[in-house]
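Throughout, protein chains are lettered first and strands after them, A, B, ... in sequence-line order, and every chain is numbered starting at 1.
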Protein chains: 2
Amino acid sequence: MSIIRNFDKKLRSVGLRPTRQRLDICEVLFDRKETFHFTIDDLRKILKTKLHTKISIATIYNTINSFKHKGYIKEISLNSEKTYFDTNVTNHHHFYNETTNELIDFHDSDVEQLKLRKNLPGKKIKSIEVLVKVANK
Amino acid sequence: MSIIRNFDKKLRSVGLRPTRQRLDICEVLFDRKETFHFTIDDLRKILKTKLHTKISIATIYNTINSFKHKGYIKEISLNSEKTYFDTNVTNHHHFYNETTNELIDFHDSDVEQLKLRKNLPGKKIKSIEVLVKVANK
DNA sequence: AAGCACTTTAGAATCGTTCTAATATATTGA
DNA sequence: TCAATATATTAGAACGATTCTAAAGTGCTT
Ligand SMILES: [Mn+2]
Ligand SMILES: [Mn+2]
Ligand SMILES: [Zn+2]
Ligand SMILES: [Zn+2]
């Protein structure tokens, strides 16, 4: 299957061996149209119930940390209750719905160009990200 | 001293008894010109070394959680490593310097008015906050 | 001052995450 | 191909931040 092939290549390209565990996790994370926002527990449940695959919790953490270091996913800061990861590693903005706990990306086209008025001598901007919290009316 | 009087009032006004522990914590948090961004551990160290006051860690957590619920401080989401609190409870933006770990507020005047292009039918906007990560050049 | 409510406290418990070290699997190259 | 070597997985222990428990202390009301 070409997806598996692709994940195989993807993993090898950053020096990770394509083990069953890593391929299974790739399938959950990347075999989808939309950006995926998830917690370790979300991932663990999906692996168990949808993929019927058993991966130890240590390996799930190891793999997610490797993927993060390799730039396949990034961590996002929403609140201190849960640690979220995001398969969209670009610099982008989020809507967080506090009623439903849904987290969705929004794109540059959804917001007017953010312009800083402040000068930052001797500093380099690494990222500019907006978090919009909403609730159902 | 009028500051103490003020903290006394401040606490009473939301139904908290002005105990020594709460007054000491108020002094660290609010007896300053600038917004204070801190972790529980920062606070604990300041109480010990600057104020020479001993407060149990359970009380520090209890008090900070009370203050948060009463709207005296808010929690801010920077990263998943540490939990930060902020004495500026208004909706505002931050610069985080990854080199020095400094976190500073920036004000509406430092950024052009943020305009969302997206319509959000049935939703109410609770907050819009920007996090700018910078590093020293 | 007595009585009651609230607060503080030490230490235990909890929970997410990382570590350890034994076992298993993948890769290399003779 | 198949041993040797490197890397990965795993269960369970350890860790660290935070919360809980329940006993002792303090503040408020009358
Ligand atoms: Mn991490
Ligand atoms: Mn909290
Ligand atoms: Zn995203
Ligand atoms: Zn702030």
Distance in angstrom units between [X] [atom1] and [N] [atom2], rounded:
| X | N | atom1 | atom2 | result |
| --- | --- | --- | --- | --- |
| I57(B) | dT9(C) | CD1 | P | 11 Å |
| L16(A) | dT7(D) | CG | C1' | 11 Å |
| I60(B) | dA17(D) | CD1 | P | 13 Å |
| F38(B) | dA17(D) | CZ | P | 16 Å |
| L43(B) | dT18(D) | CG | C1' | 15 Å |
| I25(B) | dT8(C) | CD1 | C1' | 11 Å |
| K70(B) | dT7(C) | NZ | P | 9 Å |
| N65(A) | dA8(D) | CG | P | 14 Å |

Please tell me if [X] has a side-chain N or O lying less than 4.0 Å from either OP1 or OP2 of [N].
| X | N | value |
| --- | --- | --- |
| T83(B) | dT18(D) | yes |
| Q21(A) | dT25(C) | no |
| K68(A) | dT17(C) | no |

For this session: Give the ring-plane orientation class for H37(A) versus H92(A), where under 30° counts as parallel, over 60° as perpendicular and anything between as tilted.
Result: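 Geometry flag for H92(A) against H37(A): tilted rings.
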**Prompt:** When you look at H93(A) and F106(A), which way does the ring-ring contact (aromatic ring centres under 6.0 Å, His included) test go after all the steps?
**Reply:** CA-CA 5 Å; H93(A) 313 309; F106(A) 73 94; 5.3 Å; yes
Result for 5'-nearest mapping on DNA chain D, choosing between R22(A) and K82(B), is R22(A)
message: Show me the pairs that pass side-chain hydrogen bond (donor to acceptor under 3.5 Å, both in side chains) and involve residues 122-137 of chain B, at least two apart or across chains.
response: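 Found K74(B)-E129(B), N97(B)-N136(B).
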Between the NE2 atom in H94(A) and the CG atom in N88(A), the distance rounded to the nearest 0.5 Å is 6.5 Å
Protein and nucleotides 20-27 of chain D: nitrogen or oxygen contacts under 3.5 angstrom:
none

### Query
So, is the end of the K68(A) side chain (NZ or CZ) under 6.0 Å from the ring centre of F85(A) and within 45° of the ring's axis?
no
**Message:** Does the structure place the NZ or CZ of R32(A) under 6.0 Å from the centre of the six-membered ring of F30(A), at an angle of no more than 45° from the ring's axis?
**Reply:**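 No cation-pi geometry.
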Side-chain contact check for T59(B): nearest option of dT8(C), dT18(C), dT10(D) is dT8(C)
Let's see if you can work this out: which of dT9(D), dA17(D), dA10(C) has an atom nearest to the side-chain heavy atoms of Y61(B)?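 The listed nucleotide nearest to Y61(B)'s side chain is dA17(D).
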Next item on the list: May I ask you to check whether D24(A) and T53(A) show a side-chain donor-acceptor distance below 3.5 Å?
Entry: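 Their side chains do contain a donor-acceptor pair, which is all the 3.5 Å distance test asks for.
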